[in-house]
Amino acid sequence: MSGYQICTPTSSLPQGVVMAGSPGSLHSPPHVTDETTRKRQLRLMKNREAARECRRKKKEYVKCLENRVAVLENQNRTLIEELKALKDIYCHKVE
DNA sequence: CCTGATCTGCGTCAGCACGG
DNA sequence: CCGTGCTGACGCAGATCAGG
């Protein structure tokens with residue numbers, strides 16, 4: 001068992017549904033104190049915000065990489081054109 | 001329209017890394 | 001150790017799209 005699961009004993013409530021205001025003392029085992037519940041709620045709240053921030057950072061990072069890809073593709077195109085031009089010049093010289 | 005497939009964002013859990 | 005933050009993975013709901 002994973003320790004706690006105080007939100008929904010029914011197991012059919014989808015994850016991601018927040019039972020924000022639930023007191024936790026309604027059908028909890030006696031060892032689950034209000035303090036335990038409070039700590040858990042606090043941790044969930046912090047983790048929720050951490051996950052949001054993590055996703056924001058990840059999105060930013062991906063956007064950065066995509067920009068870099070675009071820049072490098074441009075550079076590559078330019079260099080290919082330059083190489084072609086230089087080859088042309090060289091070919092005309094040797095003729 | 002309707003419907004099934006795909007995308008997107010969210011909350012939660014698990015597990016790792018790190019500092020005290 | 002233990003508490004805490006970060007992040008991958010999962011399941012879910014709502015939005016969007018393509019095909020009938």
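Order of the sequence lines fixes the chain letters, A, B, ..., with proteins taken first and strands second; residue numbering starts at 1 for each chain. Since this is a predicted model, take the numbers as computed values, not measurements. Heavy atoms only: backbone and side chains are in, while hydrogens, waters and symmetry mates are out.
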Have a look at A:Arg55 and say if it touches a base, only the backbone sugar-phosphate, or nothing, with a 4.0 Å heavy-atom cut-off.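 Contact class for A:Arg55: base.
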Given side chain to side chain contact (heavy atoms under 4.5 Å, CB included), test A:Ile80 with A:Asn76 step by step and report yes or no. CA-CA 6 Å; A:Ile80 287 171; A:Asn76 201 30; 4.2 Å; yes
Between the base of C:dT4 and the side chain of A:Asn47, is there a donor and acceptor pair under 3.5 angstrom?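 Under the 3.5 Å cut-off, the side chain and the base do not form any donor-acceptor pair.
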Would you say [X] reaches [N]'s phosphate, i.e. side-chain N/O to OP1/OP2 under 4.0 Å?
{"X": "A:Arg48", "N": "B:dC10", "value": "no"}
{"X": "A:Lys39", "N": "C:dG3", "value": "no"}
{"X": "A:Lys57", "N": "C:dT7", "value": "yes"}
{"X": "A:Arg56", "N": "C:dC6", "value": "no"}

Quickly work out the [X] [atom1] to [N] [atom2] distance and round it to whole Å.
{"X": "A:Lys59", "N": "B:dT8", "atom1": "NZ", "atom2": "C1'", "result": "8 Å"}
{"X": "A:Lys58", "N": "B:dC10", "atom1": "NZ", "atom2": "P", "result": "14 Å"}
{"X": "A:Leu42", "N": "B:dT12", "atom1": "CG", "atom2": "P", "result": "13 Å"}
{"X": "A:Glu53", "N": "B:dG9", "atom1": "CD", "atom2": "P", "result": "15 Å"}
{"X": "A:Leu44", "N": "B:dC10", "atom1": "CG", "atom2": "P", "result": "17 Å"}
{"X": "A:Arg40", "N": "C:dT4", "atom1": "CZ", "atom2": "P", "result": "15 Å"}

Taking only the side-chain heavy atoms of A:Arg43 (C-beta and beyond), determine which of C:dC6, B:dG11, C:dG8 contains the nearest atom.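 From the listed options, C:dC6 comes nearest.
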Start with the C-alpha distance between A:Arg38 and A:Glu35, add both sets of side-chain angles, then the distance that settles salt bridge (charged side-chain N to carboxylate O under 4.0 Å, His left out), and finish with yes or no. CA-CA 5 Å; A:Arg38 196 190 63 80; A:Glu35 179 65 3; 3.3 Å; yes
A:Arg56 bridged to A:Glu60 by N-O distance under 4.0 Å: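 Answer for the salt bridge query: yes.
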Pair A:Lys63-A:Glu66, salt bridge (charged side-chain N to carboxylate O under 4.0 Å, His left out): steps then yes or no: CA-CA 5 Å; A:Lys63 207 181 284 179; A:Glu66 285 170 348; over 6 Å; no
